[in-house]
S.K.: 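Take this structure, written in structure tokens, and hold onto it; I'll ask about it next.
Below, each value reflects all heavy atoms present in this structure, side chains not excepted, and no hydrogens, waters or symmetry copies. In the text below, chain A, chain B and the rest are named by the order of the sequence lines, each starting its count at 1.
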There are 2 protein chains.
Amino acid sequence: MESRCENCIVRQFNSLRAMNKEELKKVSDSKVHKKIKKGEALFEEGEKLDGIFCVRDGVSKLSKLSANGKDQIVKLASKGEVIGQRSVIAEESTNLSAVAVNDMEVCFIPKEIITNTLNTNPNFAVEVLRHMAHDLKEADDVIVNMSQKTVKQRMAEAFLYLKNNYGETADGFLTLTLSREDYANVVGTATESCIRIISEFKKKGFIKTSGKQIGVADEKQLQDLIDGF
Amino acid sequence: MESRCENCIVRQFNSLRAMNKEELKKVSDSKVHKKIKKGEALFEEGEKLDGIFCVRDGVSKLSKLSANGKDQIVKLASKGEVIGQRSVIAEESTNLSAVAVNDMEVCFIPKEIITNTLNTNPNFAVEVLRHMAHDLKEADDVIVNMSQKTVKQRMAEAFLYLKNNYGETADGFLTLTLSREDYANVVGTATESCIRIISEFKKKGFIKTSGKQIGVADEKQLQDLIDGF
DNA sequence: TACAAAATATGATAATTATCAGGTTTTGCC
DNA sequence: GGCAAAACCTGATAATTATCATATTTTGTA
């Protein structure tokens, strides 16, 4: 019926590849395959997780609600990425909510297998550590961007990021379609400001739009804007 | 002569406590004790580190230079904390500079010992992982603060953070004294704006100042401001 | 299809924050 | 002690961004 982790391609991209045969077998036997519809939550901020999620398909936004009622999207997680490992490792409630940006397929893996493997297989632990180190670096970069770049620059970065990480369709639109509000929450600005900048970029020919869809029209100009020219 | 890691109190606060006797002995034999004067750098952004630093005394600011020439302070590391492990683990150049905020004493530990221990002692790996998970959560919180809170709110948070984490002197000033520019770089604002807010807070009786020194005068009002009242 | 709700869009205005320009005070050092 | 450099401070102004108000378009669904 369901495919086995041992044969799963997705695993090659994340720390699960450092597991040995037996460990993978255990994971495979206890994992639960789930379909999450667009807009549904994998988990909400503050929940205790009893496992992690391995993304097989689709994209999830990881966000945190601030006191003023706005969501800040801290990270987008897509195929091959693992969600929830931070709070499982720290044995804390999650500090972020995970909501599906489009329809998703994920495998839920109970935390016992993860913690057991961490405690016995150093290769796995180091692999997880490497991924976490990478995430931490990215978070540092986001902090600097937030504080030192203008909203326009961050919007431009967001478009290039989505192009480079999720690609574009045959007709040149970004494969991953976000709502204007999601863009605003990634960039950390008001939805109206976000929409205004999209209009401006379109007028200037930096991007093109068609309904919700957005495409990069002039990568160099966007890059120049990011670099402060 | 120099004290041995086995007896070092500082170690109790960081992941080195998960090392066993032999491992600690190796660390102790190869570590190098260093004194860093205020303003000197432990390392600069982009350097390859061949070891990590365990802070015995003093405080270091970890910052990243942005394109516009401003430094963003991402984290302050003090007694008991380990600096540089992220880039050693990821086997990358550092993404941050580390500069002493006051006179420091640190122990430099060659990376081979760290990576060897990571690969052989799962307890150590998991302990490092826990610390990294904690750092990542803090970084997420900073991201949200940066994007959702005003400069005033972030300034207020900075004062309370310093009070709670570094304490205050007998006469009620913050133990850790930062320059106005450093405050600005923590909070992510222009130095002038930072100074202006300090004046305002002083006028309103939220804080008191004496030269460079700053003290929390009305914790509740600062907290109310942070909470948006 | 029709209709309500949600998302997108735009204008007017206010609030926040940065920048520039000039001061004063403090600090480090000869 | 004296002097230059650095840090601190304040005012005036400009730029950026948020907020509020109000259309318009799209979407989901009865």
Side-chain angles (χ1 to χ4, degrees), chain A residues 37-40 61 66-72 99 101-103 145-156 158 173-174 177-204 207-215 225-226 228, chain B residues 37-40 61 66-72 99 101-103 145-156 158 173 177-204 207-214 225-226 228:
Chain A
K37 287 213 196 83
K38 176 178 173 174
E40 286 179 358
K61 55 180 174 182
S66 75
N68 62 23
K70 280 191 188 165
D71 241 16
Q72 174 65 34
V99 173
V101 169
N102 43 33
D103 290 350
N145 276 343
M146 283 292 171
S147 77
Q148 308 283 15
K149 295 200 170 152
T150 65
V151 175
K152 275 182 202 173
Q153 289 176 313
R154 282 179 274 152
M155 288 288 298
F173 290 102
L174 295 171
T177 302
L178 295 180
S179 70
R180 306 300 197 246
E181 191 182 2
D182 279 342
Y183 271 111
N185 291 345
V186 165
V187 160
T189 190
T191 307
E192 298 96 319
S193 300
C194 168
I195 289 173
R196 242 181 271 277
I197 289 171
I198 289 175
S199 301
E200 186 194 326
F201 282 5
K202 188 181 178 181
K203 205 169 288 170
K204 288 186 177 167
I207 61 174
K208 59 182 181 177
T209 71
S210 168
K212 290 177 89 78
Q213 289 196 101
I214 292 177
L225 192 141
I226 294 169
Chain B
K37 287 213 198 81
K38 176 178 172 175
E40 286 179 357
K61 55 180 174 181
S66 75
N68 62 23
K70 280 192 187 163
D71 242 15
Q72 173 65 36
V99 173
V101 169
N102 44 33
D103 290 350
N145 277 343
M146 283 293 172
S147 75
Q148 308 284 13
K149 296 202 168 149
T150 64
V151 175
K152 276 181 202 173
Q153 289 176 312
R154 282 179 273 151
M155 287 289 296
F173 289 102
T177 301
L178 296 180
S179 70
R180 306 299 196 247
E181 191 181 3
D182 278 343
Y183 271 111
N185 291 345
V186 165
V187 160
T189 189
T191 307
E192 298 96 321
S193 302
C194 169
I195 290 173
R196 242 181 271 277
I197 289 171
I198 289 175
S199 302
E200 187 194 326
F201 281 5
K202 188 181 178 181
K203 204 169 289 171
K204 288 186 178 166
I207 62 174
K208 58 181 181 178
T209 72
S210 168
K212 289 176 89 78
Q213 290 195 100
I214 292 177
L225 191 141
I226 295 169

S.K.: Which atoms form the tightest heavy-atom contact between C194(B) and Y183(B), and what is the distance?
M.R.: SG-CB, 3.6 Å
S.K.: What residues form a salt bridge (Lys or Arg N to Asp or Glu O under 4.0 Å) with K149(B), not counting sequence neighbours?
M.R.: E157(B)
S.K.: V151(A) side chain: which of dT19(D), dA7(C), dT17(D) is closest?
M.R.: dT17(D)
S.K.: Using side-chain hydrogen bond (donor to acceptor under 3.5 Å, both in side chains), reason through T209(B) and K202(B) one step at a time and then give a plain yes or no.
M.R.: CA-CA 7 Å; T209(B) 72; K202(B) 188 181 178 181; 2.9 Å; yes
S.K.: State, to the nearest 10°, the angle formed by the axis through the first five base pairs of the helix from dT1(C)-dA30(D) to dC30(C)-dG1(D) and the axis through its last five.
M.R.: 50°
S.K.: D71(A): what forms a side-chain hydrogen bond (donor to acceptor under 3.5 Å, both in side chains) with it, not counting sequence neighbours?
M.R.: S63(A)
S.K.: For the atom pair CD1 (I207(B)) and CD1 (I214(B)), what is the distance rounded to the nearest 0.5 Å?
M.R.: 5.0 Å
S.K.: In residues 177-189 of chain A, which ones come under 4.0 Å of DNA chain C, going by heavy atoms?
M.R.: S179(A), R180(A), E181(A)
S.K.: Rounded to the nearest Å, what distance is computed from the CD atom of residue E192(B) to the P atom of nucleotide dC9(D)?
M.R.: 12 Å
S.K.: Quick check on contacts: within residues 193-203 of chain B, what sits under 4.0 Å from DNA chain D by heavy-atom distance?
M.R.: I195(B), R196(B), S199(B)
S.K.: How many angstroms lie between NZ in K61(B) and CG in N185(B), if you round to the nearest 0.5 Å?
M.R.: 6.5 Å
S.K.: Please check this pair: side chain of S179(A) against backbone of D182(A), looking for a donor-acceptor N/O pair closer than 3.5 Å.
M.R.: yes
S.K.: Using whole Å, report how far CD of Q72(B) lies from P of dA18(C).
M.R.: 11 Å
S.K.: In whole angstrom, give the distance that lies between atom NZ of K149(A) and atom P of dT17(D).
M.R.: 13 Å
S.K.: Any side-chain N or O of K212(A) under 4.0 Å from OP1/OP2 of dT8(C)?
M.R.: yes
S.K.: Taking all heavy atoms of Q72(B) and all of S147(A), pick out the closest pair and write down the distance.
M.R.: OE1-OG, 2.6 Å
S.K.: Classify T150(A) by what it touches in the nucleic acid, base, sugar-phosphate, or nothing, heavy-atom distance under 4.0 Å.
M.R.: sugar-phosphate
S.K.: Give each protein N/O atom lying under 3.5 Å from an N/O atom of nucleotides 28-30 of chain D, with the pair distance.
M.R.:
none

S.K.: Dump every N/O contact between nucleotides 1-4 of chain C and the protein below 3.5 Å, one line per pair.
M.R.:
none

S.K.: Mind checking side chain to side chain contact (heavy atoms under 4.5 Å, CB included) for K38(B) and listing every partner two or more places apart, or none if nothing turns up?
M.R.: D103(B)
S.K.: Between R180(B) (side chain) and K212(B) (backbone), is there a donor-acceptor pair under 3.5 Å?
M.R.: yes
S.K.: Which residues pass the side chain to side chain contact (heavy atoms under 4.5 Å, CB included) test with K208(A), not counting sequence neighbours?
M.R.: F173(A)
S.K.: For a quick test of reading the model: is some side-chain N or O of K70(B) closer than 4.0 Å to OP1 or OP2 of dT19(C)?
M.R.: yes
S.K.: In Å and rounded to the nearest 0.5 Å, what is the CD to CD distance from Q148(B) to Q153(B)?
M.R.: 10.5 Å
S.K.: Round to a whole Å and report the spacing from CD of Q153(A) to P of dT16(D).
M.R.: 10 Å
S.K.: What residues, two or more places apart in sequence or in another chain, satisfy side chain to side chain contact (heavy atoms under 4.5 Å, CB included) together with V151(A)?
M.R.: R154(A), M155(A), V187(A), T189(A), I197(A)
S.K.: What residues, two or more places apart in sequence or in another chain, satisfy side-chain hydrogen bond (donor to acceptor under 3.5 Å, both in side chains) together with S66(A)?
M.R.: N68(A)
S.K.: What is the separation between atom NZ on K152(A) and atom C1' on dA18(C), rounded to the nearest whole Å?
M.R.: 15 Å
S.K.: Sequence neighbours left out, what passes side-chain hydrogen bond (donor to acceptor under 3.5 Å, both in side chains) with E200(A)? Give chain and number order.
M.R.: K152(A), K204(A)
S.K.: If I compare all heavy atoms of V99(A) with all of G39(A), which pair ends up nearest, and what's the gap?
M.R.: CG1-O, 3.6 Å
